[in-house]
Amino acid sequence: MDLPGQLSSLLRAGAVLTGDDMSAYLQDWWGRQTGSALCVTLPKTPEDVAAIVRACADAGHAIVPQGGRTGLTGAGVPGAGDRPPVILSLSQMRRIRKIDAINGSIDVDAGCVLSDVQSAAICVNRLFPVSLGAEGSCQIGGIISTNAGGTNVLRYGTTRENVLGLEVVLPDGTIWNGMKSLRKDNAGYALRHMFIGAEGTLGIITGAVLKLHPLPTAHATAWVGVSDPELALRLLNRLQSCCGERLTTFELMNAEQLEGVIAYRPTVPSPIDAAWHLLIELADISGPELLSEMLLASLEAAMSAGEILDAAIAQNGTQRDNFRALRHGTADANRHIGHVLSADISVSVSSVPRFLTAASAAVRTLYPEAQIVVVSHMGDGNVHFAVRFSHGDWGSYDDPAGTVIAIRTIVNDCADALGGSFSAEHGIGRKLIDELRKRTDQAGYQSMHRLKDAFDPRGIMNPGCVLGEQDQVS
Ligand SMILES: Cc1cc2nc3c(=O)[nH]c(=O)nc-3n(C[C@H](O)[C@H](O)[C@H](O)COP(=O)(O)OP(=O)(O)OC[C@H]3O[C@@H](n4cnc5c(N)ncnc54)[C@H](O)[C@@H]3O)c2cc1C
């Protein structure tokens, strides 16, 4: 029996897709990468996942774990190689297994959609804080495997800081049960951290215990205009001094980015006119009046000091949602307007303005026709620095692949020069393996290979993702 037939015999009817039924699973979020697969499998339980992995391991056949396909580095969809892999989609594993409000933990299947987990936490008066534009589609296994960041990292950390335990099917098909809901556990190596951010190259996450936080009862949200990023940094410093931990969100974008969002979503009006825009949010369990007064006082002081140009404070939930929609709409707008080449770099928070000046100047020198589109989780030092070409300009280039590499190199060199990273929160995927090889310290890079070999000696887990398939450890 061939492998799809064998997998069909192990799973319930309809759990193995082939031919045209696979098409939705073969394309990345950008619509730029279409791969091929032997079949798509839709397991319902960890035991189903283990059975699929065992069958693939016996056949020496590659597997691509797949979540909501919202990843931005092409990690969750296969390439177009000679030996198409088996896609293992977690989309049918969506059970909330247990919630313990007092312990502040929730046990979930890896295929749960992020927004469903956020809602389940709210039902018991708790917060699961990871929040990003794709939260209505991305899955818990996906955000863990990419160690996603988002708009609340400033206060709550990345996904890594919000994972207490994991259940993982290892590359030989055994199930590792690490579903612990403990705040303290020094019993040997903290294995879960190996799988967080591993982009499905070390095993398949089937379940997770996530950390819950007290649910804020009050929010104060503002849209603020500044004339340059250096002044935004001063405002960040002021808010951290005045509001401390209550500051959850400090997001920067330039006017070009905001114009793109509004052109794509004309129903949400621009709150103010400025060269640079900030979305700021405070959250607390105190009364809303206290929080609004605190934000207003800080913004008034900033205005008097000449740090900000203008500000609008959300007066109700609808206005707050509108402000947040402008921020969360950036990726969608960039997908639809022009041809966008996007980098995801990080530098120290205080270096963000210097990075922006250097990268903008370098790109403008070589590509004066391009538009620079910036959106930044500034409170975390993370900048999505995008270079946008009109379709006409892009279509006229003789060597588009060379242009992609040239811009990536210019921008990542600027981050490197400031001690930064070329991959802040989106991972490596299939897009940045050359950058990882080139920009990572050799001892670290070789250790990554050894780790991969130890977990997955046959190289069947998401090959060609993170580490190049052809790489040798010297
Ligand atoms: C509109 C939009 C906004 C975004 N905003 C942000 C943001 O603010 N911050 C941020 O960090 N990211 C952001 N992202 C990208 C982010 O990486 C993804 O949205 C999310 O983390 C991926 O989840 P997914 O379920 O779609 O995973 P997929 O894209 O399906 O997969 C991503 C990787 O995880 C692996 N994987 C998936 N599930 C499993 C599993 N169960 N076990 C093992 N491996 C698995 C895949 O093999 C792949 O390597 C955004 C994306 C979009 C489209």
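First listed ligand is number 1; within each ligand, the first listed atom is number 1. All of these numbers come straight from a predicted model, not from anything done at the bench.
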- Message: What does the 4.0 Å heavy-atom contact list look like for ligand 1?
- Response: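 Only Trp29, Pro65, Gln66, Gly67, Gly68, Arg69, Thr70, Gly71, Leu72, Ala75, Gly76, Leu90, Ala110, Leu132, Gly133, Ala134, Cys138, Gln139, Gly141, Gly142, Ile143, Ser145, Thr146, Ala148, Gly149, Gly150, Glu199, Gly200, Gly203, Ile204, Ile205, Ala331, His377, Glu425, His426, Asn462 have heavy atoms that fall under 4.0 Å of ligand 1, ordered by chain and number.
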- Query: Side chains of Asn462 and Glu199: is there a donor and an acceptor less than 3.5 Å apart?
  - Reply: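 There is no such pair between these side chains.
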- Are Arg327 and Thr330 linked by a side-chain donor-acceptor pair shorter than 3.5 Å? yes
If the threshold is 4.0 Å, N to carboxylate O, is there a salt bridge linking [X] and [Y]?
{"X": "Arg324", "Y": "Glu281", "answer": "yes"}
{"X": "Lys438", "Y": "Asp416", "answer": "no"}
{"X": "Asp109", "Y": "Arg97", "answer": "yes"}

- Compute the centroid of each ring, for Tyr264 and then for His336, and state whether the two points are separated by less than 6.0 Å. yes
